[in-house]
Amino acid sequence: MTSLRAFTCDDLFRFNNINLDPLTETYGIPFYLQYLAHWPEYFIVAEAPGGELMGYIMGKAEGSVAREEWHGHVTALSVAPEFRRLGLAAKLMELLEELSERKGGFFVDLFVRVSNQVAVNMYKQLGYSVYRTVIEYYSASNGEPDEDAYDMRKALSRDTEKKSIIPLPHPVRPEDIE
């Protein structure tokens with residue numbers, strides 16, 4: 001049976017099978033450690049019975065309560081190819097949403113490549129909608145042009161009027177994001 005547990009420092013040396021996916025954003029060890037130190041409850045891993053890591057979600061709580069922008073943010077969600085289509089991503093998202101709900105968030109948001117239609121469709125099935133497009137959010141390599149992102153959101157119960165998910169009528173640039 002799959003176990004869902006807190007991500008640990010040791011997992012940093014065991015999750016290459018997940019991060020080798022070309023659509024998974026990867027970061028330096030200090031970045032992961034920062035999340036473990038500041039938002040450990042938002043960093044969850046799925047582990048197979050044999051101990052192999054199947055997937056993980058890494059997020060945080062951020063924003064302003066006064067402006068009704070306090071929210072959960074999904075920084076990374078990835079499932080190893082051999083463990084996809086088992087509902088793991090949906091379960092990890094559900095855990096992050098429940099945590100954000102308990103912490104009084106108004107919504108959960110995430111950024112996803114416009115070209116990653118499999119992920120975009122999955123997020124839509126989970127109740128997310130496109131809030132805005134962020135121009136050239138993802139840096140490209142090999143001389144390719146930078147890629148746009150969707151900022152997708154799902155309102156939580158605290159946002160009774162669903163104001164947090166009213167789509168912006170125009171795209172924004174990365175420097176315009178708070």
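Basis for what follows: all heavy atoms, side chains included, without hydrogens, waters or symmetry-related copies.
- Rounded to the nearest 0.5 Å, atoms CG (L99) and OH (Y42) are 4.0 Å apart.
- For R158 and E101, the salt-bridge test fails: no basic side-chain N is under 4.0 Å from an acidic carboxylate O.
- Atom CG of D159 is separated from atom CZ of R153 by 9.5 Å, given to the nearest 0.5 angstrom.
- Under the ring-ring contact (aromatic ring centres under 6.0 Å, His included) criterion, W70 pairs with no residue at all, not counting sequence neighbours.
- D11 pairs by the salt bridge (charged side-chain N to carboxylate O under 4.0 Å, His left out) definition with R5, R14, not counting sequence neighbours.
- Residues S164 and E68 have side chains that never bring a donor and an acceptor to within less than 3.5 angstrom of each other.
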Under 3.5 Å donor-acceptor pairs involving side-chain atoms of residues 89-97, not counting sequence neighbours:
{"from": "K91", "atom 1": "NZ", "to": "E94", "atom 2": "OE2", "distance (Å)": "3.4"}
{"from": "E97", "atom 1": "OE1", "to": "K154", "atom 2": "NZ", "distance (Å)": "3.1"}
{"from": "E97", "atom 1": "OE2", "to": "Y128", "atom 2": "OH", "distance (Å)": "2.7"}

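- Between Y35 and F31, the ring planes are tilted. Angles from 30° to 60° get that label.
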Show me the donor-acceptor pairs within less than 3.5 Å that the side chains of residues 116-126 make with the rest of the protein, sequence neighbours left out.
{"from": "N116", "atom 1": "OD1", "to": "A119", "atom 2": "N", "distance (Å)": "3.2"}
{"from": "Q117", "atom 1": "NE2", "to": "V114", "atom 2": "O", "distance (Å)": "3.0"}
{"from": "N121", "atom 1": "ND2", "to": "Q117", "atom 2": "O", "distance (Å)": "3.1"}

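- Judged as a ring-ring contact (aromatic ring centres under 6.0 Å, His included), not a single pair has a partner in residues 138-178 (not counting sequence neighbours).
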Would you please test R113 and E25 for salt bridge (charged side-chain N to carboxylate O under 4.0 Å, His left out) and show each step? CA-CA 10 Å; R113 292 176 183 274; E25 294 297 315; 2.8 Å; yes

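- With sequence neighbours excluded, no residue forms a side chain to side chain donor-acceptor pair (under 3.5 Å) with R85.
- Between Y32 and Y56, the ring planes are perpendicular. Angles over 60° get that label, and only those under 30° would be called parallel.
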Decide side chain to side chain contact (heavy atoms under 4.5 Å, CB included) for D109 and V74; before the verdict, give the C-alpha distance in whole Å, the side-chain angles of both, and the deciding distance to 0.1 Å. CA-CA 6 Å; D109 80 338; V74 178; over 6 Å; no

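- For the atom pair CG of D151 and OG1 of T133, the computed distance is 9.0 Å after rounding to the nearest 0.5 Å.
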